[in-house]
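Following: one structure in structure tokens, then a few remarks.
Remember, it's a predicted structure, so these values are computed and weren't measured experimentally. Residue numbers run from 1 in the order of the sequence given.
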Amino acid sequence: MKRSMTVVLIAACLAACGDSEEKTAVVVDAAALAANAASWVDDEFQPSSLDRQAQLDELAWFSEASEPFRGMTINVVSETLTTHEYEAATLAQAFYDITGIRVVHDLIQEGDVIEKLQTQMQSGENVYDAYVNDSDLIGTHSRYGYVVPLSDFIAGEGADVTSPTLDLQDFIGLSFTTGPDGKLYQLPDQQFANLYWFREDWFQREDLKDAFNEIYGYELGVPVNWSAYEDIAEFFTEHVQEIDGQRVYGHMDYGKKDPSLGWRFTDAWLSMAGAGDAGIPNGLPVDEWGIRVEGCRPVGSSVTRGGAANGPAAVYALTRYIDWLKRFAPPEAAGMTFSEAGPVPAQGHIAQQIFWYTTFTADMIQEDLAVVNEDGTPKWRMAPSPHGPYWSEGMKLGYQDTGAWTFLSSTPLERRKAAWLYAQFVTSKTVSLRKTIVGLTPIRESDLNSPAMDEMAPKLGGLVEFYRSPARTAWTPTGTNVPDYPKLAQLWWANVAAAVSGERTPQQAMDDLAAAQDDILARLERHGVLGECGPQLAPEKDASYWLSQPGAPKPKLENEKPQGETVSYDALIQAWREGRAR
């Protein structure tokens, strides 16, 4: 869509005056701004959860609130996802046309976003005016004092640039971006979950259902527990082997020694096994990283300090991951990274995947794929992930990624205000439903409950049903027990890789990881910069003491492979519609 801004921009000084000014004076024709807004509403921002007049009213507020900042250029950054590509290519232009504020929206890799964020935090220099970074850093942001609490900003310095239609309660991920002090630190911008994926067309075949029942003694269906997932993986890989002349596999994963291997575990693999404690959004006192807190102070990861990073459930989780990768996945999977493994199920030879991010949904519904029917409906479905034998009701069951707007105190107030306007614009009700349709990363309840989502649901393989169900609350990002995400996250991939390669046993690898995490906690404690919620390492006790206490760390089960349990997909969907998780 080609557009030209009809607002008249007049430079405050000629080129001879130099380019030291960070903004130019702007003369605005209010009618032109309104015309721009109406054009965007009619040509791009449909459908919306708002009616047309409400959209125009909301955009009129943005036009008026932006008056002090017109002519300014602000710089923001996010990782490269479809949602953010839409923001950078389309919404940044719309914002400029409606407000007169130009936005340079950079797209870089997730690790680079964190690196830029850390650089600004440590140097105090304003690298970017705002960041979209994962809420996994909430424990970091709420402790270091570098991040502006949005609760305070909205009530104070940012009150004059906070939209009256922001409607925070409409956001589905606020609990993920709230610190242990109860303050909101980040505004959700996009959200996707890590779910179970399977070939529903294969699961419905009578010959395969009969064969599975004959071998395992129960119905082929959506696995409720890891025992059933393992049975299904074995069934397709070792018993079925071929479908329509193609070699098939009952599992897909990745195992290359690469930073993305760390995400494979910190994104709640231990919680799926049941390593932590009950609690939503995260286990308390022990979370899915195996870190125990007392009050808000992290006190240890090792079992000897009351943590669970090297407990029986964590070792079980790592053991199952390695076993399934080697026995049931394509041989090349062990040498793949996250990004290389992501497209593989779309090739049509994978029966199921326990660890599948819904951010791949848009790539899995393209025409002419082996996993898409001629009418555009998927041959696959997504469903809640199965849980391990250490899991119990009340625990988180999986991971959600919540990319959220984050503002640093080192950003000058005027630039922070302008960037806050942009953050609200790209998450506004005028824009958010259209953005959800493009990127399939919903953030608002009003969008999820819209007629547009009713219409899209049949082609999205269960995405809409999942997000409308009570089950979604058990899928959460990393929580506040992790006091320094960048420092601690980098420990995971190297230690996991050592177990994958056979250099260390799963127990040794998790012992190494727990010890390394405790070393980081001890170092943070010595530095003493994290305040009253900083780490305070607990004295060590014999592991038997902690394993005999209620909750995590949990003692080793005599039977880590109980009877497999499945549920039909239709029954699962019906339960969701009735307001039940299962």
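Across all non-hydrogen atoms, the minimal contact from N225 to Q563 is ND2-O, 2.9 Å. Nearest heavy atoms, I365 versus K459: CG2-O, 3.2 Å.
Among residues two or more places apart in sequence or in another chain, the salt bridge (Lys or Arg N to Asp or Glu O under 4.0 Å) test is passed with R52 by D42. Applying the ring pair (Phe, Tyr, Trp, His ring centres under 6.0 Å) test to F198 and every residue at least two apart in sequence or in another chain returns Y196, F203, Y569. With sequence neighbours left out, T319 forms a side-chain hydrogen bond (donor to acceptor under 3.5 Å, both in side chains) with no residue at all. By the ring pair (Phe, Tyr, Trp, His ring centres under 6.0 Å) test, H105 is found to be paired with Y422, residues two or more places apart in sequence or in another chain being considered. Under the side-chain hydrogen bond (donor to acceptor under 3.5 Å, both in side chains) criterion, E234 pairs with Y216, R327, not counting sequence neighbours. The salt bridge (Lys or Arg N to Asp or Glu O under 4.0 Å) test applied to K435 returns E87, D189, not counting sequence neighbours. In this structure, the salt bridge (Lys or Arg N to Asp or Glu O under 4.0 Å) partners of R264, at least two apart in sequence or on a different chain, are D253. Remark: E230 pairs with R320 by the salt bridge (Lys or Arg N to Asp or Glu O under 4.0 Å) rule, at least two apart or across chains. In this structure W263 satisfies the ring pair (Phe, Tyr, Trp, His ring centres under 6.0 Å) test together with F338, sequence neighbours excluded. Taking Y390 as the reference, Y316 meet the ring pair (Phe, Tyr, Trp, His ring centres under 6.0 Å) condition, with sequence neighbours excluded.
K396 has a carboxylate O that lies under 4.0 Å from a charged side-chain N of E288, or vice versa, which qualifies the two as a salt bridge. A salt bridge links R199 and D201; the closest N-O separation between the charged side-chain nitrogens and carboxylate oxygens is under 4.0 Å. Salt bridge K209/E206: present, at least one basic N to carboxylate O contact under 4.0 Å. A salt bridge links K556 and E560; the closest N-O separation between the charged side-chain nitrogens and carboxylate oxygens is under 4.0 Å.
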Could you give the side-chain donor-acceptor pairs of residues 307-315 under 3.5 Å, partners two or more places apart or in another chain?
from, atom 1, to, atom 2, distance (Å)
N310, OD1, V303, N, 3.0
N310, ND2, D511, OD1, 3.0

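Counting only residues at least two apart or in different chains, ring pair (Phe, Tyr, Trp, His ring centres under 6.0 Å) contacts with residues 423-454 comprise F62-F425, F95-F425.
Of the N and O atoms on the side chains of T165 and E58, at least one donor lies less than 3.5 Å from an acceptor on the other residue. Between the side chains of Y399 and D136, at least one donor N or O lies within less than 3.5 Å of an accepting N or O. There is no side-chain donor-acceptor pair under 3.5 Å between S568 and D570.
At distances below 3.5 Å, not a single donor-acceptor pair connects side-chain atoms of R472 with backbone N or O atoms of Q400. Distance alone, capped at 3.5 Å, is enough to place a donor-acceptor pair between the W475 side chain and the N194 backbone.
The six-membered or imidazole ring of W492 lies away from that of W269, with a centre-to-centre distance of 6.0 Å or more. W202 and W380 have their aromatic ring centers separated by at least 6.0 angstrom. Taking the centre of each ring, Y218 and F212 come in below the 6.0 Å mark.
Checking T83, T436, T402 one by one against T441, the side chain to side chain donor-acceptor pair (under 3.5 Å) holds for a single residue, T83.
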